[in-house]
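A single structure is presented below for examination.
Excluded from the calculations below are hydrogen atoms, water molecules and symmetry mates; all remaining heavy atoms, backbone and side chain alike, are included. Chain identifiers are assigned alphabetically (A, B, ...) following the order of the sequence lines, protein sequences preceding nucleic acid strands; residue numbering begins at 1 within each chain.
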There are 2 protein chains.
Amino acid sequence: MTTEKKLVAAAAALLDAGGEQAVTLRAVGRAAGVSHNAPYKHFKNRDALLCAVAAADLAEMAAALKQVRQSSAKPAKKLTQALKGVIDYNAKHPARYQLLLNDPRFATLEGDLKQAAYSHFDEFDSIVRECQAAGELPDVAHITLSGLLFATVHGLISLEASGRMKREKGLAGVVPSLELMVKLLALAKKGSQPAS
Amino acid sequence: MTTEKKLVAAAAALLDAGGEQAVTLRAVGRAAGVSHNAPYKHFKNRDALLCAVAAADLAEMAAALKQVRQSSAKPAKKLTQALKGVIDYNAKHPARYQLLLNDPRFATLEGDLKQAAYSHFDEFDSIVRECQAAGELPDVAHITLSGLLFATVHGLISLEASGRMKREKGLAGVVPSLELMVKLLALAKKGSQPAS
DNA sequence: ACCTGAACACCGTTCAAGT
DNA sequence: ACCTGAACACCGTTCAAGT
């Protein structure tokens with residue numbers, strides 16, 4: 001494994017183990033078997049290393065979505081699996097999820113991250129279109145609908161992770177809330193064709 | 001103004017000016033006219049100071065929501081205003097918004113923050129119930145529906161702020177996406193009563 | 001009760017130097 | 001081309017001491 005990949009893997013492992021504050025260049029170097037400033041030979045700075053982790057994760061999520069899309073499941077099932085994939089990713093790697101989808105530091109998408117973000121969204125959008133074609137989702141602009149669905153699952157995950165959506169308030173969890181969302185969208189489809 | 005309030009105000013101003021990384025205790029102390037470790041006499045540590053800023057902001061947002069709820073506008077209009085308030089808050093104070101709704105550090109809500117979170121959600125939920133009563137939103141569990149709506153606006157804002165929802169992809173902005181969401185929920189209401 | 005200045009450990013980053 | 005060790009500036013936190 002090249003040193004660059006070792007550094008990215010070490011940073012990802014440290015994120016899982018102790019959150020972003022655990023990712024010091026000294027710890028990364030130690031875990032990768034190099035000195036604490038070797039990373040500067042491969043990345044501009046610490047943020048660039050974290051950005052590389054995010055790009056790799058997003059590419060991985062895109063690949064997982066592609067698997068789902070190419071499966072033989074019914075469209076509605078594919079959508080559920082796609083949404084569940086996002087939820088599971090957050091459950092397994094909360095700090096990396098936060099980096100991936102909630103960190104404004106990499107708002108100007110560049111290079112690998114931009115590429116990964118595009119292919120990830122395209123996969124998701126394709127599944128949404130399949131659902132529309134199958135009559136499971138309303139016939140509105142598919143890109144906007146995809147953005148809306150993804151924003152909803154992301155918002156639910158985010159609010160729960162940040163403790164703002166506690167069950168104490170009587171709130172449902174992420175999965176039941178999403179199920180309601182999908183059910184309401186199906187009803188909207190029905191409501192838009194009263195003559196059917 | 002008490003020193004404690006000065007510290008919170010200074011931290012909030014620094015967040016607006018330069019993001020979280022600009023909020024060093026030395027800078028906070030300087031802005032409040034005290035030494036760099038005076039904050040420790042009022043807050044356990046830096047995180048506790050940031051948490052106090054979040055609690056104050058959430059209380060402010062709750063007060064703004066209360067104004068909307070008590071206004072004479074129609075329910076649908078109140079909902080739009082409530083959602084717009086969240087969007088505007090992020091536009092004016094992105095770093096504080098991030099702290100308020102996306103920071104997992106304060107996931108264990110305590111004291112002021114917990115109180116503020118509850119009253120904020122209650123106000124929002126009341127408006128959602130008014131919309132249901134007026135037939136503008138589907139008759140599903142109001143708390144879940146409120147959570148879903150808030151998660152959607154938060155997810156849209158978050159993804160846009162973190163650069164993951166660029167227009168380049170053909171995506172609509174936060175406001176048009178939300179308008180679609182509300183429109184689809186109205187259609188769902190219609191689809192659930194085919195006999196009306 | 002509230003504050004200060006010095007000190008400590010730690011970190012990101014830079015630089016001169018090594019192979 | 002890739003890496004290292006020393007050094008710098010900065011920060012959160014602690015502590016002894018001041019009023």
So for atom NZ, which belongs to K66(A), do other residues, nucleotides or ligands contribute more than 12 heavy atoms lying within a distance under 6.0 Å?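 Not buried by this count: 12 neighbours or fewer within 6.0 Å.
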Name the pairing partner of dA17(D), where a pair is Watson-Crick or G-U wobble with both distances under 3.5 Å, or state none.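 Per the H-bond distance test, none.
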Round to the nearest Å and state the distance from L25(A) atom CG to dA9(D) atom P.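 Those two atoms, CG and P, are 19 Å apart.
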Has T3(A) got a side-chain N or O lying under 4.0 Å from the OP1 or OP2 atom of dC3(D)?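 Affirmative; the distance criterion is met.
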Ignoring backbone atoms, test whether H42(A) places a side-chain nitrogen or oxygen under 4.0 Å from the OP1 or OP2 oxygen of dC3(D).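 Yes.
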Any-strand Watson-Crick or G-U partner of dG12(D), both distances under 3.5 Å: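 With both distances under 3.5 Å, dG12(D) matches dC8(C).
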Nearest-nucleotide wise, let me know which of R30(B) and K41(B) is further upstream toward the 5' end of DNA chain D.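 With K41(B) and R30(B) compared, the 5'-side residue is R30(B).
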Could you check S162(B) against N102(A) for side chain to side chain donor-acceptor pair (under 3.5 Å), going step by step and ending with a plain yes or no? CA-CA 6 Å; S162(B) 66; N102(A) 253 344; 5.3 Å; no
Whole angstrom value for the distance that separates C1' of dC11(D) from CD of E20(B):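 Rounded to the whole Å, the gap is 13 Å.
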Could you tell me the separation between the NZ atom of K44(A) and the P atom of dT14(C), rounded to a whole number of Å?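 Taking atom P of dT14(C) as the reference, NZ of K44(A) is at 9 Å.
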Between dG12(D) (P) and Q21(B) (CD): distance, integer Å: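 Rounding to the nearest Å, CD of Q21(B) and P of dG12(D) are 11 Å apart.
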Taking R105(A) first and then E20(A), would you say they form a salt bridge - that is, a charged N and a carboxylate O separated by under 4.0 Å?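 Yes, R105(A) and E20(A) are salt-bridged.
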Tell me what H36(A) touches on the nucleic acid: a base, only sugar-phosphate, or nothing, going by heavy atoms under 4.0 Å.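 It contacts base atoms.
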Under 4.0 Å, counting only non-hydrogen atoms across every strand here, what does V28(B) touch: a base, just sugar-phosphate, or nothing?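 Since no nucleic acid heavy atom lies under 4.0 Å of V28(B), the category is nothing.
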In whole angstrom, what separates L7(B)'s CG from dT4(C)'s C1'?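 The answer, rounded to whole Å, is 14 Å.
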Rounded off to whole Å, could you give me the CZ-to-P distance for the R46(A) and dC10(C) pair?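 After rounding, the gap between these two atoms is 17 Å.
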Under 4.0 angstrom, heavy atoms only, what part of the nucleic acid is N37(B) near: base, sugar-phosphate, or nothing?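 Base, at least one base heavy atom under 4.0 Å.
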For Q67(A), does the CD atom have more than 12 heavy-atom neighbours from other residues, nucleotides or ligands under 6.0 Å away?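 Counting neighbours around CD of Q67(A), 12 or fewer heavy atoms of other residues, nucleotides or ligands fall under 6.0 Å, so no.
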